[in-house]
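Only this structure's heavy atoms are used, side chains among them; waters, hydrogens and symmetry mates stay out.
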Amino acid sequence: LATHPTTNPKTFVPVSPHHMAALVNSTNMRCISSRHSVFQSQGPVAVPRIESGVPRQSQRAGRLSVTAKDFPYPEQVKNTDNFRQSAQLSRKLKADGSNSSIPKKKVAIIGGGLSGLACAKYLSDAGHQPVLYEARDVLGGKVSAWQDEDGDWIETGLHIFFGAYPNVMNMFEELDIEDRLQWKIHQMIFAMQELPGEFTSFNFVKGIPAPFNFGLAILTNDKMLSLKEKIQCIPALLPMLVEGQDFIDRQDELSCLNFMRKYGMPERINTEVFISMAKALDFIDPDKLSMVVVLTAMNRFLNETDGLQMAFLDGNQPDRVCAPMVDVIERQGGKVHTSAPVAEIVTNEDGSVKHLKLRSGDVVEADEYVSAMPVDVFKRFIPENWSQMPFFRQADELEGIPVINLHMWFDKKLKQVDHLCFSRSPLLSVYADMSTTCKEYYDENQSMLELVFAPCSPLAGGKVNWMSKSDEEIIDATMGELARLFPKEVAADEAWPSTLGQGPEGTAKLRKFAVVRTPRSVYAAIPGRNKYRPSQTTPIPNFTLAGDWTSQKFLGSMEGATLAGKLAAEVICDKAAGRPLQEYQTRAIRDEIVERAGSFAPKKPLGVQADISNAIGWGAGAVLDKKKKEAMLEQDPDQGIAGEDYVGREVVQAMSS
């Protein structure tokens with residue numbers, strides 16, 4: 001018997017002794033190299049497939065590509081200072097729950113994304129009563145997903161879990177859902193631009209600690225950078241290792257490209273590494289991305305042995321992550337409401353929150369209030385008597401970055417890589433064959449690629465504003481890139497002109513697609529913006545901020561959202577217990593913001609009038625028909641500006657300021 005982890009730990013996958021011996025002895029039993037992406041086996045084998053959470057065995061005789069190999073939970077993920085700090089904070093909040101001397105608060109939370117749910121979860125752990133209000137009929141925010149008419153799941157984004165996500169890993173442990181992570185081999189896989197259809201990788205050797213494993217992974221790869229070019233990178237990275245976060249924060253004014261040139265790094269580091277990293281981290285090209293983002297990520301990966309090891313969720317996010325969070329919240333006395341849009345944050349004369357007014361007309365009164373809304377949505381809810389406060393004017397300097405997530409179903413199986421792939425394409429960031437990497441979506445006969453199309457606007461460094469293009473234009477451009485990635489597999493198809501140069505070997509055709517636009521995703525981490533991210537503590541005594549765009553030591557990511565929600569919960573718990581605020585719970589406001597706030601004309605908040613089915617109106621992503629796309633462009637005109645006009649406008653604004 002060979003066990004295969006599924007949602008049911010008691011599920012066993014039968015494999016014949018002859019077949020097991022063939023697998024163990026196979027010299028091809030490696031997950032990937034620059035030229036080998038799968039290992040082959042002969043004979044029948046049962047492969048698990050999960051539909052609607054129920055395991056189903058699929059068996060066929062003959063030749064089978066065995067690709068769904070999961071790796072054990074990384075040994076060093078929980079052996080880091082960041083994980084220990086996260087666990088310590090959890091114990092602190094849990095202890096409040098059993099301390100009867102601490103008054104318990106009713107806390108109203110606006111927004112049911114990952115940050116709002118994390119805030120509610122940790123408040124309920126501490127014995128408080130969180131009541132969460134989500135405008136949409138689905139939870140998750142930027143990690144939300146829904147089913148189409150065929151029952152296929154459509155995800156807002158392609159989400160990957162890293163070993164260097166200590167707060168997410170800690171929360172998964174507390175929720176007892178660690179087995180829902182499908183860990184992959186400790187590797188970074190890159191498509192070879194100059195060799196269509198070929199891949200190369202950074203391989204992390206087990207047993208070698210950080211930062212030596214990272215260095216060895218780079219040194220042993222001879223496909224991307226020469227030894228001389230690698231050595232030239234060292235002077236730029238040494239200050240980060242020696243000075244840590246202080247050095248990293250000082251680089252916020254520099255783009256990746258400017259940083260590279262300032263420290264004499266070779267130009268090829270941009271095309272070989274930085275483009276892939278920048279687009280994966282924040283959907284932005286290196287000439288637009290603040291270097292603080294790349295250095296923050298590298299600092300984690302260089303200091304944590306398993307920090308770069310990646311995992312996929314074993315199914316859809318609403319069922320596999322959001323549902324267990326809601327279960328814990330409600331079991332501990334909290335409540336989660338969907339389809340409950342807030343219309344207004346109503347304040348008292350002294351500026352404190354009086355109550356929330358829901359669109360339904362209901363009034364919500366609580367002891368404490370939390371906004372876990374995305375920054376672009378939050379700006380529309382800032383009450384009039386807060387609008388001149390420097391703290392809230394910091395939000396003017398932040399805005400979400402546009403991104404497009406694609407789902408593409410093929411009628412045949414493409415080259416199977418059981419991992420995330422960095423495409424190194426001018427149009428695509430990363431992609432994965434979800435029919436191979438994820439149990440719920442597993443299909444041994446047909447591929448379903450999920451791809452991040454970025455950059456998709458001039459704000460992110462792109463030359464074309466793809467947000468205003470048709471679905472067909474986006475898919476045709478993507479098919480051209482896939483024809484390069486899979487030159488012997490993607491077929492020439494008259495439906496997609498970009499594929500017509502394909503040879504006769506390619507037979508896989510696109511049978512279905514979904515284009516998910518998120519006009520305002522994670523905050524745009526362009527140079528000079530990190531210093532404006534506000535703290536969770538606000539000048540309003542009963543109001544706290546959450547969201548990945550608020551100040552915390554991780555990026556705008558699932559980890560950042562989880563940590564921000566947890567820190568917001570800590571602020572409320574510390575106030576309730578009469579404890580002084582932590583140093584990291586406050587942040588100085590820049591002088592230029594203070595000066596500008598005084599001249600700001602107070603105005604009433606716009607709010608959001610969008611229907612609850614309009615995900616984009618609430619800061620998330622959606623598949624748009626023509627009517628909904630027109631509504632998006634009307635609501636957010638920047639999404640329709642042509643590239644050259646967008647760039648020209650930025651130049652004019654820079655000159656006038």
Practice prompt. May I ask you to decide if the ring planes of Phe259 and Tyr263 are parallel, tilted or perpendicular, using 30° and 60° as cut-offs?
Written response: tilted

Response to the item:
Nearest heavy-atom approach of Arg517 to Ile474 is NH2-CD1, 3.4 Å

Worksheet item: Under 3.5 Å, side chain of Arg533 to main-chain N/O of Ser551, donor-acceptor pair present?
Response: no

Worksheet item: Under 4.5 Å between any side-chain heavy atoms of Phe543 and Trp386, yes or no?
Response: yes

Worksheet item: Considering only heavy atoms from C-beta outward, does the side chain of Val623 approach that of Ile154 to under 4.5 Å?
Response: yes

Worksheet item: Hey, does Phe378 have a side-chain heavy atom less than 4.5 Å from the side chain of Leu545?
Response: yes

Discussion item. Could you check whether atom NZ of Lys379 has more than 12 heavy atoms from other residues, nucleotides or ligands sitting under 6.0 Å from it?
Written reply: yes

Worksheet entry | Flag if over 12 foreign heavy atoms under 6.0 Å of NZ, Lys357 | no

Worksheet item: Any donor-acceptor pair under 3.5 Å linking the side chain of His159 with the backbone of Lys142?
Response: yes

Practice prompt. Test side-chain contact (heavy atoms from CB on, under 4.5 Å) on Met408 and Leu482 and set out the steps.
Written response: CA-CA 11 Å; Met408 301 176 70; Leu482 292 180; 3.8 Å; yes

Discussion item. With side-chain contact (heavy atoms from CB on, under 4.5 Å) as the criterion, how do Leu289 and Phe274 come out once you've worked through the C-alpha distance, each side chain's angles and the decisive distance to 0.1 Å?
Written reply: CA-CA 10 Å; Leu289 181 66; Phe274 277 179; over 6 Å; no

Item to complete: Just do the ring-ring contact (aromatic ring centres under 6.0 Å, His included) check on Tyr431 and Phe422 with the steps written out, would you?
Response: CA-CA 7 Å; Tyr431 73 91; Phe422 293 82; 9.7 Å; no

Discussion item. So that I can tick it off, tell me whether Asp285 and Lys288 are bridged by a salt bridge, with the cut-off set at under 4.0 angstrom between side-chain N and carboxylate O.
Written reply: no

Discussion item. Can you tell me how far apart CG (Leu581) and CD (Glu570) are? Round to the nearest 0.5 Å.
Written reply: 9.0 Å

Discussion item. Can a donor-acceptor pair be found, under 3.5 Å and without considering hydrogens, that links the side chain of Arg424 to the backbone of Ala191?
Written reply: yes

Worksheet entry | Contact check, side chains of Val364 and His355, non-hydrogen atoms, under 4.5 Å | no

Worksheet item: Of all residues at least two apart in sequence or in a different chain, which pass the side-chain contact (heavy atoms from CB on, under 4.5 Å) check with Ala564?
Response: Ser115, Gln536, Thr550, Gln552

Fill in: Any donor-acceptor N/O pair, Asn258 side chain to Asp287 backbone, under 3.5 Å
no

Fill in: Residues Glu399 and Arg520 bridged, charged N to O under 4.0 Å
yes

Worksheet entry | Euclidean distance, Lys121 NZ relative to Ile329 CD1, rounded to 0.5 Å | 9.0 Å

Worksheet item: Do Glu397 and Arg596 sit within salt-bridge range, that is, some charged N less than 4.0 Å from a carboxylate O?
Response: yes

Worksheet item: Within a strict 4.5 Å, meaning less than it, do heavy atoms of the Tyr133 and Ile109 side chains meet?
Response: no

Worksheet entry | Verdict with supporting geometry, Lys553 and Thr296, side-chain hydrogen bond (donor to acceptor under 3.5 Å, both in side chains) | CA-CA 8 Å; Lys553 61 182 178 180; Thr296 297; over 6 Å; no

Response to the item:
CG (Leu606) and CD (Glu344) are apart, to the nearest 0.5 Å, by 12.0 Å

Worksheet entry | Ser423 (side chain) donor-acceptor with Ser429 (main chain) under 3.5 angstrom | yes

Worksheet entry | Close side-chain approach of Glu472 and Ile475, heavy atoms under 4.5 Å | no

Fill in: For Leu427 against Ala477, the heavy-atom pair lying closest together
CD1-CB, 3.7 Å

Item to complete: Quick one: do Phe162 and Phe301 satisfy ring-ring contact (aromatic ring centres under 6.0 Å, His included)? Show the steps, please.
Response: CA-CA 10 Å; Phe162 287 90; Phe301 301 150; 5.7 Å; yes

Worksheet item: Going through the distances and angles, do Glu473 and Ser470 end up as a side-chain hydrogen bond (donor to acceptor under 3.5 Å, both in side chains)?
Response: CA-CA 5 Å; Glu473 288 175 299; Ser470 69; 3.2 Å; yes

Fill in: Separation between CG of Asn167 and CG of Leu89, rounded to the nearest 0.5 Å
8.0 Å

Worksheet entry | Side-chain donor/acceptor of Thr538 to backbone N/O of Thr544, under 3.5 Å | no

Worksheet item: Do Ser387 and Lys604 meet the criterion of a side-chain donor-acceptor pair at a distance under 3.5 Å?
Response: no

Item to complete: Quick one: pull up CG in Asp148 and CH2 in Trp153 and give me the separation to the nearest 0.5 Å.
Response: 10.5 Å

Item to complete: Starting from the C-alpha separation in whole Å, work towards a yes-or-no answer on side-chain hydrogen bond (donor to acceptor under 3.5 Å, both in side chains) for Ser339 and Arg136.
Response: CA-CA 5 Å; Ser339 303; Arg136 299 169 61 203; over 6 Å; no

Response to the item:
On a heavy-atom basis, the closest approach of Tyr523 and Asn530 is OH-OD1, 3.6 Å

Worksheet item: Which heavy atom of Pro390 sits nearest a heavy atom of Ile593, and at what distance?
Response: O-CG2, 3.3 Å

Worksheet item: Quick one: does NZ or CZ of Arg393 land under 6.0 Å from the six-membered ring centre of Phe600, within 45 degrees of the ring axis?
Response: yes

Discussion item. Could you tell me if Glu134 and Thr338 have a donor-acceptor pair between their side chains, going purely by distance under 3.5 Å?
Written reply: no

Worksheet entry | Heavy-atom side-chain contact between Ile572 and Val370 under 4.5 Å | yes

Worksheet entry | Nearest heavy-atom neighbours spanning Pro318 and Val138 | CG-CG2, 4.5 Å

Worksheet item: Is the backbone N or O of Glu368 less than 3.5 Å from a side-chain atom of Asn542, with the two atoms forming a donor-acceptor pair by type?
Response: no

Fill in: Evaluation steps, side-chain contact (heavy atoms from CB on, under 4.5 Å), between Ser276 and Phe190
CA-CA 9 Å; Ser276 296; Phe190 300 86; 4.1 Å; yes

Item to complete: Quick one: do Ile589 and Phe391 satisfy side-chain contact (heavy atoms from CB on, under 4.5 Å)? Show the steps, please.
Response: CA-CA 7 Å; Ile589 300 171; Phe391 178 88; 3.9 Å; yes

Item to complete: Check whether any side-chain heavy atom of Leu132 lies under 4.5 Å from a side-chain heavy atom of His337, and answer yes or no.
Response: no

Worksheet item: Would Thr537 and Gln585 satisfy side-chain hydrogen bond (donor to acceptor under 3.5 Å, both in side chains), going step by step from the backbone distance to the final call?
Response: CA-CA 6 Å; Thr537 304; Gln585 291 172 346; 4.8 Å; no

Practice prompt. Give every residue pair that meets the salt bridge (Lys or Arg N to Asp or Glu O under 4.0 Å) criterion with at least one member in residues 248-259, sequence neighbours excluded.
Written response: Glu243-Arg250, Glu253-Lys531

Practice prompt. Using atom types as modelled and distance alone, determine if a side-chain donor or acceptor of Asn614 lies under 3.5 Å from a backbone N or O of Ala610.
Written response: no

Discussion item. Can you tell me how far apart OG1 (Thr518) and CD1 (Ile401) are? Round to the nearest 0.5 Å.
Written reply: 12.0 Å

Fill in: Ser557 (side chain) donor-acceptor with Leu555 (main chain) under 3.5 angstrom
yes

Item to complete: Measure from the side-chain N and O atoms of His407 to the backbone N and O of Glu155, and report whether any donor-acceptor pair falls under 3.5 Å.
Response: yes

Worksheet item: More than 12 heavy atoms of other residues, nucleotides or ligands under 6.0 Å from CG of Asp591: is that the case?
Response: no

Practice prompt. Could you tell me which non-hydrogen atom of Pro455 sits nearest to which non-hydrogen atom of Trp466, and how far apart they are?
Written response: O-CD1, 4.2 Å

